[in-house]
Colleague: 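I'd like to ask some things about the structure below.
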Amino acid sequence: MTLSTKILLGMVLGVALGAVLNILSASEDFFAANVIAWLVDSVFDVVGRIFVASLKLLVVPLVFVSLVCGASAMGVNARMGQMAVKTLGLYLLTTAAAVTLALAFANLIDPGMGIEMSTAANYEARPAPSVKEVLINIFPTNPIKAMAEGNMLQIIVFAILMGVAIIHSGDKGREVLSFFQSFNEVVMTMVSFLMHLAPYGVFCLLAKLFSELGISAIADLAKYFFTVVLVLLVHGLGVYMILFKLLTRLSPWTLLKNVRPAMLFAFSTSSSNATIPVTINVAERRIGIDNSIASFTVPLGATINMDGTAIMQGVATVFIAQAFNVDISLGGYIAVILTATLASIGTAGVPGVGLITLALVLQQVGLPVEGIALIIGVDRLLDMMRTAVNVTGDCVVSTIVARSENLLNEEVFNEVSDRDEYQAGKAD
Ligand code: ASP
């Protein structure tokens with residue numbers, strides 16, 4: 001069995017067992033209820049959390065070390081600027097397309113028509129950071145603090161500076177670079193170890209989640225839920241793949257197969273940030289993207305590119321507007337597109353962050369933020385799906401950029417590996 005198949009199996013079994021436990025835990029039998037509670041709390045929760053913690057543990061070292069190597073391979077020159085502009089442009093463009101698609105579908109399907117707005121709705125919005133603050137915050141005052149806080153944009157800035165300084169430091173620089181290159185290899189091997197444990201980690205994460213998830217909430221919000229799912233599918237399998245085919249002339253099917261492990265991790269952890277180590281591994285070792293591209297585009301994408309999240313926000317805005325009987329004008333729609341596209345910049349890809357930025361979008365068009373309480377019931381499940389789309393988007397854009405810079409190894413790309421990532425890491 002390939003690793004992806006094993007992870008998929010872990011996911012399916014975890015969801016199935018969780019759903020069964022969910023039903024059984026309602027049983028009158030005191031003994032059964034206690035055994036289930038123990039299993040969920042003391043086994044699945046513990047293993048699942050250790051698994052996610054181990055993934056997160058690798059994010060900062062990997063992003064930093066890998067980007068220092070990447071930046072020193074690329075150097076500060078016109079080419080780097082061109083690559084950065086292309087990446088940013090594609091990230092923003094795909095996100096704007098995602099919200100637009102979501103608004104169009106939501107207006108066709110009318111998910112919020114006939115919804116009785118619950119007056120008990122209660123949700124507190126956080127104040128939005130100003131653009132000025134976001135910009136200043138990209139620059140670290142203390143690199144250790146940036147790393148301790150996992151502030152991705154600040155880490156990216158520091159790593160690029162370091163990488164560039166290395167190439168301007170002659171022999172001494174070369175020594176430091178060689179250390180970083182070896183360190184990068186070691187961290188990648190750690191990622192490979194962890195990927196091997198993924199089937200079990202994913203199984204426990206999902207068994208715990210589904211044993212507690214009230215699936216019944218979906219019934220009340222079916223129209224909203226399935227509209228989001230539909231747009232996620234159209235964007236992930238339609239828009240991305242057409243864009244990919246047009247811009248790279250490579251097979252979208254092969255890309256999807258290569259990206260699969262990252263999608264599965266994203267789905268299981270609901271966090272693009274925690275998935276970064278796997279996404280970098282997949283980008284370099286399965287898709288064939290050069291380190292100088294992937295080390296920049298992947299962590300940047302995990303932070304600023306959230307198409308799946310933007311889709312949820314587009315549909316949710318229309319849903320809440322309909323539930324509260326508010327008409328959004330064309331100007332309002334444009335404001336939604338702009339805010340949803342920009343809101344994701346500077347917010348890390350962690351579980352549930354999409355709801356927080358949704359508050360900004362709602363405020364922008366004058367909708368009651370309490371509306372978020374209406375959709376919170378199904379958000380956990382949607383978070384998993386949209387995170388998979390977010391990470392797929394990062395991989396698609398990274399591949400397009402790498403291809404345009406002639407830094408994509410087509411041999412690796414086409415050799416859809418039956419070999420797993422662990423062996424791939426070793427072979428290198
Ligand atoms: N969980 C998503 C991510 O990490 C963000 C969100 O939509 O809440 O990409």
Colleague: Main chain of T248, side chain of R403: is a donor-acceptor contact present, judged purely on distance under 3.5 Å?
Modeller: yes
Colleague: Is a side-chain N or O of Q313 found less than 3.5 angstrom from the main chain of G354, in a donor-acceptor match?
Modeller: yes
Colleague: Testing the 3.5 Å rule here: is there a donor-acceptor pair between the side chains of S211 and N22?
Modeller: no
Colleague: Counting only N and O atoms by type, is there a donor-acceptor contact under 3.5 Å from the side chain of T387 to the main-chain atoms of D383?
Modeller: yes
Colleague: Check the angle between the aromatic planes of F319 and Y224 and answer parallel, tilted or perpendicular using the 30° and 60° thresholds.
Modeller: tilted
Colleague: Quick one: which of L250, L408, V412 gives a side-chain contact (heavy atoms from CB on, under 4.5 Å) with I287?
Modeller: L408
Colleague: Compute whether any side-chain donor of one residue and acceptor of the other, for N305 and T95, lie under 3.5 angstrom apart.
Modeller: yes
Colleague: Donor-acceptor pair, distance only, cut-off 3.5 Å: does the side chain of S169 make one with the backbone of K172?
Modeller: no
Colleague: Using a cut-off of 6.0 Å, state whether more than 12 heavy atoms not belonging to K245 lie near its atom NZ.
Modeller: yes
Colleague: Donor-acceptor pair, S42 side chain versus L39 backbone, under 3.5 Å?
Modeller: no
Colleague: Does K56 NZ have over 12 foreign heavy atoms under 6.0 Å away?
Modeller: no
Colleague: How far apart are the C-alpha atoms of L205 and F267, what are their side-chain angles, what is the distance that settles it, and do they pass the side chain to side chain contact (heavy atoms under 4.5 Å, CB included) test?
Modeller: CA-CA 11 Å; L205 271 181; F267 182 87; over 6 Å; no
Colleague: Regarding S292 and D290, do their side chains bring together a donor and an acceptor under 3.5 Å, going by distance alone?
Modeller: yes
Colleague: Without swapping roles, check the side chain of R286 against the backbone of K257 for a donor-acceptor pair under 3.5 Å.
Modeller: yes
Colleague: Side chains of Y91 and S398: does their closest heavy-atom pair fall under 4.5 Å?
Modeller: yes
Colleague: Relative to each other, are the rings of F64 and F180 parallel, tilted or perpendicular (30° and 60° limits)?
Modeller: perpendicular
